[in-house]
There are 2 protein chains.
Amino acid sequence: MASHTVENYLKALFALANEAGEVGISDLSDHLAVSKPSVNSMAKALQQDGFLKYEKYKPLKLTAKGKKAAALVVRKHRLTEMFLVEQMGFGWDEVHDIAEQVEHVKAPAFFDRMDELVGFPTVDPHGSPIPDAQGNVLEIDCVKLSECAVGEKVSLVGLSQSSKSLLTFLDSHGIALGHTFDIRAVEPFDGSMTVVHQGATDQTFSLKVCERLLVNKEA
Amino acid sequence: MASHTVENYLKALFALANEAGEVGISDLSDHLAVSKPSVNSMAKALQQDGFLKYEKYKPLKLTAKGKKAAALVVRKHRLTEMFLVEQMGFGWDEVHDIAEQVEHVKAPAFFDRMDELVGFPTVDPHGSPIPDAQGNVLEIDCVKLSECAVGEKVSLVGLSQSSKSLLTFLDSHGIALGHTFDIRAVEPFDGSMTVVHQGATDQTFSLKVCERLLVNKEA
DNA sequence: CTCGATTGTTAGAGCACCCTAACAATGTAG
DNA sequence: CTACATTGTTAGGGTGCTCTAACAATCGAG
């Protein structure tokens with residue numbers, strides 16, 4: 001099995017590829033807080049192990065094997081998050097850091113049991129899909145709230161690049177997955193949106209927030 | 001915080017000191033399946049960090065700091081075992097290997113929550129005491145079954161050096177912590193003992209088994 | 001098309017941990 | 001009290017992962 005370090009590289013590669021498409025040495029270097037030469041030599045090592053296709057000066061590409069391995073790490077991470085929230089009573093803003101640690105545990109039975117105990121979920125507490133045991137990822141049908149138009153009714157199904165501060169923000173506004181928004185107005189100047197939250201209270205979100213909220217158009 | 005490796009050295013040092021008294025380089029080498037020179041240089045490193053007192057050709061001695069650090073690793077291990085059994089439905093023979101992995105997680109909140117969820121236990125599923133958050137270990141009042149005499153009534157409170165095969169043996173004989181034994185006979189030739197288990201069935205155990213069963217004399 | 005910024009690469013080194021081979025100290029049996 | 005087995009130590013090397021310094025390739029602006 002892959003080392004702790006390798007698992008982290010794979011996870012980062014997987015995440016960056018899913019949000020940015022092409023992944024360069026520098027992207028990984030920033031994301032993992034590791035120097036570029038370190039990433040460079042790790043890239044060669046990962047290629048050696050068949051996880052990565054690497055050519056000088058070209059973007060990094062996970063192979064099928066690499067994608068599967070990465071997805072299985074993500075699976076462990078997200079199952080853990082789900083377990084922490086559902087079975088252990090943690091808040092959705094507390095679980096990322098713990099899961100970051102637990103995901104490296106090498107004990108398949110442990111994660112299988114978590115999966116069972118939380119009822120074989122398909123998404124984690126932040127609405128991100130949980131890859132299956134074969135490493136397949138189900139795409140969720142969603143768009144950014146910022147891409148929706150006035151008059152639409154949507155429901156929150158996930159978050160893009162969720163961070164502790166985003167989660168805290170949402171908590172403080174009483175927003176959770178599944179909540180609905182009626183889009184009342186979009187400010188042309190800064191892209192901020194005014195919505196009716198859960199059919200009750202008016203709230204205004206900055207563009208930055210709206211870009212992070214992934215919604216589904218049949219609320 | 002100590003690395004994964006250092007935590008394992010500390011744990012081994014702690015365990016060996018508790019069962020054998022003096023701990024030599026070779027003991028650790030065997031216990032951790034690591035060469036003697038490796039242990040030797042690690043011993044110097046641990047001394048450097050104040051975990052150990054090391055003098056050439058002398059037995060290794062954990063310092064107070066070392067004992068505390070070791071106890072806290074043991075605490076994480078045993079809390080995890082307890083959690084795995086009580087909350088996740090694993091058998092007492094399955095939890096050691098998983099806990100071996102999970103114990104290295106660096107997330108105090110994770111273990112604190114486990115502690116809470118299993119009701120602040122003082123012993124793990126094998127009857128071993130769980131050190132408190134300050135690293136203090138409560139001694140259990142017990143003796144080996146092999147040291148008891150005919151006629152005594154005792155109850156099982158713990159195991160010495162529990163191993164998967166011992167646990168499987170006990171399971172297959174329907175024996176669990178808390179069960180009682182009335183000592184009927186001790187075979188002088190091989191030290192095997194015949195007892196009445198739970199006031200019901202007669203069973204005979206080899207000396208090897210009796211030395212692993214820790215019992216309490218007021219059943 | 002050239003220049004400068006960005007991005008990527010090489011070279012060289014360090015740290016943590018592991019090993020084997022060879023040798024030295026210790027403890028024990030005769 | 002010597003002789004041998006056991007135990008411990010030194011020396012020297014390897015792997016995985018990290019870094020900085022210096023240089024090379026690529027890309028975009030003017």
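Proteins come first, then strands; the chains are lettered A, B, ... in the order of their sequence lines, and each starts at number 1.
As a whole-Å value, the separation of D27(B) CG from dT6(D) P is 14 Å. Rounded to whole Å, atom P of dG8(D) lies 13 Å from atom CG of L52(B). With rounding to whole Å, E55(B) atom CD is found 11 Å from dT9(D) atom P. Atom CD of E22(A) is separated from atom P of dC27(D) by 10 Å (rounded to the nearest Å). Atom CG of N8(B) and atom P of dC17(C) are 11 Å apart (whole Å).
Counting heavy atoms from C-beta on, the side chains of R78(A) and P121(A) never come closer than 4.5 Å. Put simply, the side chain of L60(A) does not reach to within 4.5 Å of the side chain of D27(A), judged on heavy atoms. Side-chain atoms of T122(A) and I140(A), non-hydrogen and from C-beta on, never get closer than 4.5 Å to each other. Taking 4.5 Å as the limit, some side-chain heavy atom of K106(A) sits within range of a side-chain heavy atom of E7(A).
When the side-chain nitrogen and oxygen atoms of K44(A) are compared with OP1 and OP2 of dT10(C), one or more of them lie within a distance under 4.0 Å. Considering only side-chain N and O atoms, N40(A) lies nowhere under 4.0 angstrom from the phosphate OP1 or OP2 of dG8(C).
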Protein-to-nucleotide contact annotation, 5' to 3' order, nucleotides 11-26 of chain D [B base; S sugar-phosphate only; - none; under 4.0 Å, heavy atom]: ------SBBBB---S-

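For H126(B) (side chain) and W92(B) (main-chain N/O), a donor-acceptor pair under 3.5 Å exists by modelled atom type.
Side-chain contact annotation: H104(B) with N8(B), donor-acceptor N/O pair under 3.5 Å present.
Within 4.0 Å (heavy atoms only), K58(A) reaches no atom of the nucleic acid at all.
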